[in-house]
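Start at 1 with the first residue, then count along the sequence. Start at 1 and go down the list; that is how both ligands and their atoms are numbered.
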Amino acid sequence: MHIEIFALVFTIFVLIYTYFKRAHNYWKSRGVAGPPPFFPFGTMRSVILRQQNLGDKVKEIYNEYKSKGHRFVGVYFFSRKVFVALDPSLVKNILIKDFNHFDDRGIYYDEINDPLSAHLFSLSGPKWRNLRAKLTPTFTSGKLKYMFQTFVNCSAQMTSLLESKALKGEEVEIKDILARFTTDVIGSTAFGLECNTMKNPNTQFREMGKRAFTQTAGDAFRVTVIRSFSWLAKLLKLGIFPSNVTKFFKEVVEETVTYREKNNITRKDFLQLLIQLKNNGKVDDDEKLQAEIKPAPGTSLTMNEAAAQAFIFFLAGFETTATTMSFALFEMAQNRDIQYQAREEVKKVMNDFGNVLTYDALMEMHYLDKIVAETLRKHPPAPVYLRKCTKDYQVPETDVIIEEGLSVLIPALALQRDPDYFPDPDVFDPNRFDDERKSSIKDSTYIPFGDGPRICIGLRFAMIQVKVGLSMILKNFNFTLSPKTPLPLVMETQGIITTPQSGIWLNLTTVN
Ligand code: HEM
C-alpha cells in the first residue's frame with residue numbers, strides 16, 4: 001500500500017516536473033533570450049517569495065539583457081510565459097502603433113458573480129472601448145475644475161492636522177497622512193462620502209480601502225486559483241477581492257445613488273457623472289450638469305457598472321497619488337534648494353491670486369509640475385504594467401511571434417532609470433523637464449501613466465490632486481527628513497505599487 005502511494009506521488013511529481021520543463025523551454029525554442037528558468041518558480045523566484053520588488057527584479061533583467069544588445073526577453077512566472085519589451089520603439093509599437101494587437105490586460109473579471117471586477121482597468125475589446133468613450137468626458141478639465149473645491153477642502157483638513165503635529169514637534173509618517181488625504185478626496189468625489197480620515201483615521205471606508213490592498217495567505221491562494229483556473233473561479237464564484245470589501249463598496253454606491261435620486265440631490269463629483277451615465281448614457285456638458293437629457297437606448301450604465309467604476313477610481317487613484325506626493329516630499333526634504341525654489345513659486349503664485357488656491361493658480365505652478373514629473377520618472381508608482389496579446393504579432397525585423405494570449409510586460413521603471421535616456425538617472429533633477437530638455441526625451445522612455453489608447457484615464461485628476469497636496473504643504477511647512485527614515489529606502493516586496501517599507505518620516509516646522 002505504502003509503495004502504491006509513493007508510486008502515485010512520484011508519478012504526479014514527474015508529470016508536474018515534465019510539464020514545467022516543457023513550459024520552461026518555450027522562449028529558448030523560439031530563440032528568445034532571457035534568464036534561465038528554474039522549477040517551479042520560473043525566472044521570478046525572488047519576486048514570488050517576496051524577497052524582491054517586481055520593479056527592481058525587472059530592472060535587473062533589463063540592465064543585463066539590454067547591455068548584451070537584446071531588444072526583448074522572455075521570462076516565466078511559474079509556468080506563465082511573459083514577453084518583456086526592452087527597446088523603446090518596441091514599447092511604442094505595443095502601446096500605440098500596434099495597439100490593436102494588445103488592447104487587453106488579461107485581468108480576470110466576472111460581471112455576474114463579482115460585478116465590481118468588471119471595471120475599466122479589467123475590461124477588454126468592445127466593452128472596454130465603449131466604456132472608455134463614456135468615461136473620458138468625466139475627466140475633462142471642465143469637470144475637474146468643477147470638483148476642485150473638494151481637493152482644496154480635503155487638503156485644508158490635512159494641513160490642520162500637520163500643523164498640530166508641527167507645533168508639538170512630532171515627527172510625521174507622511175505617506176500615511178497623504179493616503180488619508182487621497183482617501184478623503186476619492187471617497188468624496190467617487191462615492192459622495194465625507195470620510196474625514198484626518199480626524200478619524202479608522203473610518204470603515206479607510207479600513208476597507210486598506211483591506212483591499214492587503215493580501216493575506218487566503219487572498220493569495222484565491223488569486224492564484226483565479227489566475228491559473230479562471231473556469232474554476234467562475235464555478236466557485238470567487239472574486240479578486242474579499243467579499244466583504246466588494247459588498248461594502250457596492251452598497252455605499254447603491255445607497256448614495258438611491259438617496260440622491262430620491263431626494264433630488266446633485267453634487268459636484270464623479271458619482272454625479274456616473275449617475276448621469278446610468279440615467280442618460282452620457283455625461284452632461286460642463287455648463288449644464290443638472291439638465292435633462294433624453295436617454296440613448298442601450299447605452300446607459302447599470303448600477304453595478306457605475307459602482308465598479310467608482311471602485312476602480314478609488315483603487316487606481318488613492319495609493320498611486322499618495323505615493324507620488326510622498327516621494328516628491330522625500331526628494332525635496334533632501335534637496336533643500338529645490339524645496340526652497342518650489343516654496344517661493346507657490347508663495348508668489350498664491351500671492352498673485354489673492355492667497356486663494358484656485359484651479360487657475362495651480363496651473364501657474366510650473367516648477368511644481370517639473371518636480372512632479374521628475375518624481376514620477378524616478379519613482380513611478382507602477383514600475384511595470386501588463387498587456388495581453390490579442391492577435392498574433394510578429395516583432396518587427398525578427399521572426400519572433402508574440403502569440404495570442406501571451407502577457408507582455410512594459411518595464412517603465414527600468415526605462416526611466418536608464419542612463420542612456422536619462423543621464424545620472426538616480427539624481428533628482430526637475431530641470432530635466434524644462435521645455436527645451438523635455439522635447440529631447442526619447443519617445444516611450446518616459447511612461448509613468450502608460451501610453452496610447454489605454455493610457456491612465458485619471459492622469460489629470462492625479463496631477464491636480466498631487467499638486468494641491470504638495471502646494472499646501474510647501475506653503476505652510478518647511479520639512480526635513482527624520483533619521484527614522486532608513487536610507488537608502490527599502491521598498492515593499494509585495495503589491496504592484498512601489499512604496500517604501502518603513503514609510504517616510506519628516507520633521508515639519510511651520511512657515512511664518
Ligand atoms: C500618480 C498617479 C497615477 C499613476 C502613476 C497611474 C498610472 C497608471 C498606469 C501606468 C496605468 C496603465 C496604463 C497603460 O496600461 O498604458 C493606469 C491606468 C488607469 N488608471 Fe491610473 N495612475 C494614477 C492615478 C489614477 C487616478 C487618480 C485614477 C482615477 C481617478 C486612475 C485610474 C486609472 C484607470 C481607470 C486606468 C485604466 C484605464 C484603461 O484601461 O482604459 N489612475 N494608471
Side-chain angles (χ1 to χ4, degrees), residues 55 85 91-96 99 102-107 109 116-125 127-136 138-140 143-144 147 150-151 178-179 181-183 185-191 269-271 273-274 308-328 369 371-388 407-413 415-416 444 446-470 496-499:
V91 169
K92 190 172 177 179
N93 286 353
I94 291 165
L95 295 182
I96 308 172
F99 174 76
F102 304 98
D103 60 356
D104 189 2
R105 293 206 169 86
I107 294 177
Y109 64 89
L116 253 54
S117 64
H119 47 63
L120 190 68
F121 201 86
S122 58
L123 289 177
S124 58
K127 278 190 182 159
W128 164 76
R129 218 173 275 275
N130 185 19
L131 188 62
R132 175 95 191 192
K134 278 188 202 158
L135 290 177
T136 299
T138 61
F139 288 91
T140 60
K143 300 285 190 300
L144 295 175
M147 298 175 204
T150 304
F151 293 71
L178 290 166
F181 164 56
T182 57
T183 299
V185 173
I186 301 262
S188 177
T189 53
F191 292 89
D269 58 20
F270 272 134
L271 190 61
L273 301 171
L274 291 172
Q309 309 326 313
F311 186 52
I312 192 61
F313 292 170
F314 172 63
L315 288 185
F318 105 94
E319 184 84 359
T320 45
T321 45
T323 303
T324 305
M325 284 183 274
S326 309
F327 280 123
D369 278 328
I371 290 177
V372 178
E374 175 66 345
T375 305
L376 288 167
R377 180 197 68 80
K378 197 174 164 194
H379 307 282
V384 301
Y385 35 88
L386 281 180
R387 290 301 172 80
K388 182 177 155 189
S407 296
V408 175
L409 189 143
I410 308 296
L413 173 74
L415 285 159
Q416 296 181 180
S444 298
Y446 179 71
I447 43 175
F449 288 103
D451 211 341
R454 280 205 97 142
I455 193 171
C456 175
I457 199 171
L459 188 159
R460 282 211 210 127
F461 180 95
M463 289 302 281
I464 293 176
Q465 190 172 21
V466 166
K467 280 180 75 183
V468 167
L470 291 178
I496 196 82
I497 293 183
T498 313
T499 155

Only heavy atoms of [X], strictly under 4.0 Å: list the atoms of ligand 1 that pass.
X      : result
Pro381 : 5 (C)
Phe461 : 27 (C), 30 (C)
Asp451 : 16 (O)

Hey, is ligand 1 close enough to Arg132 that some N/O pair sits below 3.5 Å?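 So ligand 1 has an N or O lying under 3.5 Å from an N or O of Arg132.
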Over-ring placement of Arg454 relative to Phe99, 6.0 Å and 45° cut-offs: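 Judged by the rule, Arg454 and Phe99 form no cation-pi pair.
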With side chains defined as the heavy atoms from C-beta onward, is the minimum distance between [X] and [Y] less than 4.5 Å?
X      : Y      : result
Pro380 : Gln416 : yes
Leu120 : Leu135 : yes
Pro381 : Thr498 : no
Leu271 : Phe191 : no
Tyr385 : Ile447 : yes

Please name all residues satisfying salt bridge (charged side-chain N to carboxylate O under 4.0 Å, His left out) with Arg129, sequence neighbours left out, ordered by chain then number.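 With neighbours one apart ignored, the set is Asp103.
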Set of residues satisfying side chain to side chain donor-acceptor pair (under 3.5 Å) with respect to Lys467, sequence neighbours excluded: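 So Lys467 forms a side chain to side chain donor-acceptor pair (under 3.5 Å) with Asp369.
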Within reach of ligand 1, part of [X] (heavy-atom separation under 4.0 Å):
X      : result
Arg105 : side chain
Arg387 : side chain
Arg454 : both

Could you give me the CA-CA distance, side-chain angles and deciding distance for Phe270 and Phe139, then say whether ring pair (Phe, Tyr, Trp, His ring centres under 6.0 Å) is met? CA-CA 9 Å; Phe270 272 134; Phe139 288 91; 4.8 Å; yes
Identify the protein heavy atom lying closest to atom 7 (C) of ligand 1, giving its residue, its atom name and the separation to 0.1 Å.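 Here the nearest protein heavy atom works out to Pro448 O, 3.6 Å.
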Please state which protein non-hydrogen atom is closest to atom 37 (C) of ligand 1 and give its distance, to 0.1 Å?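 Of the protein heavy atoms, Phe121 CD1, 3.3 Å lies nearest.
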If you measure from atom 29 (C) of ligand 1 to every heavy atom of Phe313, Phe270, Phe318, which option wins on shortest distance?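 Residue with the shortest heavy-atom distance to the ligand atom: Phe313.
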Out of Val466, Thr324, Thr375, who gets a non-hydrogen atom closest to atom 1 (C) of ligand 1?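 Of the listed residues, Thr324 has the closest heavy atom.
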Using 2.8 Å as the cut-off, note every protein N, O or S atom close to atom 21 (Fe) of ligand 1.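 Listed by chain and number, the atoms are Cys456 SG.
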Considering all heavy atoms, the nearest Phe151-Phe181 contact: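 Taking Phe151 first and Phe181 second, the nearest heavy atoms are O-CE1, 3.7 Å.
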Do any side-chain atoms of residues 312-319 form donor-acceptor pairs under 3.5 angstrom with protein atoms, and if so which ones, sequence neighbours left out?
{"from": "Glu319", "atom 1": "OE2", "to": "Lys175", "atom 2": "NZ", "distance (Å)": "3.2"}

